[in-house]
A.B. asks: 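What follows is a structure written as structure tokens; I'll ask about it next.
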2 protein chains.
Amino acid sequence: MSLRHILLGLLDQPQSGYDLKQVFEQVFRHFWSAELAQIYPTLRRLEEDGLSRSKQVPSDKGPDKKLYKRTAQGTRELKRWLESGPTAGKDRLHYLAQVFFLDAASRDQRLRFFKDLRSHFVAELEELRAVERGWSAEDPHYPDALPDEAFYKQLTLRLGLKKVAAIVDWCEECIAVIEKRE
Amino acid sequence: MSLRHILLGLLDQPQSGYDLKQVFEQVFRHFWSAELAQIYPTLRRLEEDGLSRSKQVPSDKGPDKKLYKRTAQGTRELKRWLESGPTAGKDRLHYLAQVFFLDAASRDQRLRFFKDLRSHFVAELEELRAVERGWSAEDPHYPDALPDEAFYKQLTLRLGLKKVAAIVDWCEECIAVIEKRE
DNA sequence: GGCCCCATGTAATGGGTTACATGATTGC
DNA sequence: GCAATCATGTAACCCATTACATGGGGCC
């Protein structure tokens, strides 16, 4: 039930489903994604449950927007979620499942696999670094002296960087060892 | 559609759904999990599709077992999966979503959050290290000189160790910085 | 005219969890 | 007698993705 809470977290200021989708694409890229087909019904349920309220406003371009905003009850629920402790669910790493059985693939395919994986994560790392450069150029207090609202958001980026760097590192090691074995 | 392929990968030797569940719990812990309620129907579909075959055998304890084994067609499908390139899906890191909004929680709760997170991952790291010790004690060729069947399986463990270590590291940093800010 | 962006939604399907149902054997 | 482990399954539900449907506005 986390999407519900993430939307709740974002509904500090009035936003439409379409607006929120942009946030997922631009800000949450490294740890969450959501489709409009999931966002719209979730927003509706949030309103039905009294955790948010919406009003229809005309848009500059296209049809009317439906702007949702968190209610006081919504803020209470958001806090409850945050204070219920960290939820560390089990990941499902598809590519690790593939590595586990990789001895069944042909020799070239094995190296190829790790090289493809490496370029995927190198690209992701580059993206994250670009985001970091943007943030640090924007605010002289980056990273540790940021105000609370920005400080905690920035922490998520720092884990992204560390984790992806670890994966790239592992890919390099794997490639080197596999080449040596042959 | 990865569970299908993981089961296929494991059905090298005849195994029951119940047996396979143990593998998820013991071997795949750090990158996959599956419930019996999902395993049984998937095995049935695998057989319907001609990718595996089963035979019923009496068990020492409890009711008859249904042992599944991969067919030649199943092996071809497994290879196809491995050679289709790495599938790096988008993770959903619930705890990072919480960190993103953590400025909305009270001050003690924020530190508490990271300390809880740290103990969770410290425990996971300890588990992984125990597995590693077991493997290295068992085989003098560990890790780089292992035969293919064991070598690639071991690589998944190495990424687990690196990633979890990176997360613990990040937790430490976060705790230190938050304490300094106050 | 065609394409992309804005904006909202529904329907079908897939993947996964929780709860429920059944029943034998082993060990305390 | 009771709990745990062995063993297989079904049903209801939840979360998420893909595909489909609608329509206005701006740009080339």
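Below, chain A is the first sequence line, B the second, and so on; all start at residue 1.
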A.B. asks: Once you round it to whole Å, what is the distance between P of D/dA7 and OH of B/Tyr40?
C.D. replies: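 It works out to 8 Å between those atoms.
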A.B. asks: Using ring centroids (six-membered ring only for Trp), state whether A/Phe114 and A/Trp170 fall under 6.0 Å.
C.D. replies: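 Centroid separation for A/Trp170 and A/Phe114: below 6.0 Å.
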A.B. asks: Side chains of B/Phe24 and B/Trp32: closer than 4.5 Å at any heavy-atom pair?
C.D. replies: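 Side chain of B/Phe24 against side chain of B/Trp32, heavy atoms only: contact under 4.5 Å found.
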A.B. asks: Looking at C/dA7, I'd like to know if its phosphate oxygens (OP1 or OP2) sit under 4.0 Å from a side-chain N or O belonging to A/Lys21.
C.D. replies: no
A.B. asks: Between D/dT8, D/dT10, D/dC15, which one does the side chain of B/Ser16 approach most closely?
C.D. replies: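 That would be D/dT8.
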A.B. asks: Can you measure B/Glu25 atom CD to C/dT17 atom P for me and round it to whole angstrom units?
C.D. replies: 12 Å
A.B. asks: With nearest nucleotides of DNA chain C determined for B/Leu3 and A/Leu67 from heavy-atom distances, which residue corresponds to the more 5′ nucleotide?
C.D. replies: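 So the residue in question is A/Leu67.
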A.B. asks: Consider the side chain of A/Ala37, meaning its heavy atoms from C-beta on, and name the nucleotide among C/dT10, C/dC6, C/dA19 that approaches it most closely.
C.D. replies: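 Among the listed nucleotides, the one closest to the side chain of A/Ala37 is C/dT10.
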A.B. asks: Taking atom P of D/dA7 as reference, at what distance in whole Å does atom CG of B/Asp60 sit?
C.D. replies: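 Nearest whole value for this atom pair: 7 Å.
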A.B. asks: Is the phosphate of D/dA7, meaning OP1 or OP2, less than 4.0 Å from a side-chain N or O of B/Ser59?
C.D. replies: yes
A.B. asks: Look at the side chain of A/Arg92 and decide which nucleotide, out of C/dG16, D/dG9, D/dT17, has an atom nearest to it.
C.D. replies: C/dG16
A.B. asks: Taking the nucleotide of DNA chain D with the nearest heavy atom to each, does A/Trp32 or A/Pro63 sit closer to the 5' end?
C.D. replies: A/Trp32
A.B. asks: Students often get this wrong, so: under 4.0 angstrom with heavy atoms, is A/Arg4 touching a base, only sugar-phosphate, or nothing?
C.D. replies: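 Nothing, no heavy atom under 4.0 Å.
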A.B. asks: Is any side-chain heavy atom of A/Glu124 closer than 4.5 Å to one of A/Arg129?
C.D. replies: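 Contact flag for A/Arg129/A/Glu124 side chains = no.
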A.B. asks: CD of B/Gln56 versus C1' of D/dG9: gap in Å, rounded?
C.D. replies: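 Roughly 12 Å, once rounded to whole Å.
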A.B. asks: To the nearest Å, give me how far apart CG (B/Leu36) and C1' (D/dA11) are.
C.D. replies: 16 Å
A.B. asks: Separation of B/Phe28 atom CZ from C/dG16 atom P, in whole Å?
C.D. replies: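 Roughly 14 Å, once rounded to whole Å.
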A.B. asks: I want to check something: taking the side chain as every heavy atom from C-beta on, are B/Phe101 and A/Leu82 in contact at a cut-off of under 4.5 Å?
C.D. replies: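 Of all side-chain heavy-atom pairs linking A/Leu82 with B/Phe101, at least one is under 4.5 Å.
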A.B. asks: Round to the nearest Å and state the distance from B/Glu35 atom CD to D/dA7 atom P.
C.D. replies: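 One finds 18 Å between P of D/dA7 and CD of B/Glu35, rounded.
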A.B. asks: Looking across every strand, which nucleic acid part, if any, lies under 4.0 Å from A/Arg45 by heavy atom: base, sugar-phosphate, or nothing?
C.D. replies: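 Touches nothing.
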A.B. asks: Rounded to the nearest Å, what distance is computed from the CG atom of residue B/Asp19 to the C1' atom of nucleotide D/dG9?
C.D. replies: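 Distance check: B/Asp19 CG to D/dG9 C1' gives 16 Å.
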A.B. asks: Between C/dT17, C/dT8, D/dG9, which one does the side chain of B/Gln38 approach most closely?
C.D. replies: C/dT17
A.B. asks: On DNA chain C, check which nucleotide each of A/Lys65 and A/Arg44 is closest to and give me the residue with the more 5' one.
C.D. replies: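 Between the two, 5'-proximity favours A/Lys65.
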A.B. asks: Regarding B/Lys21 and B/Glu35, does a basic nitrogen lie under 4.0 Å from an acidic carboxylate oxygen?
C.D. replies: yes
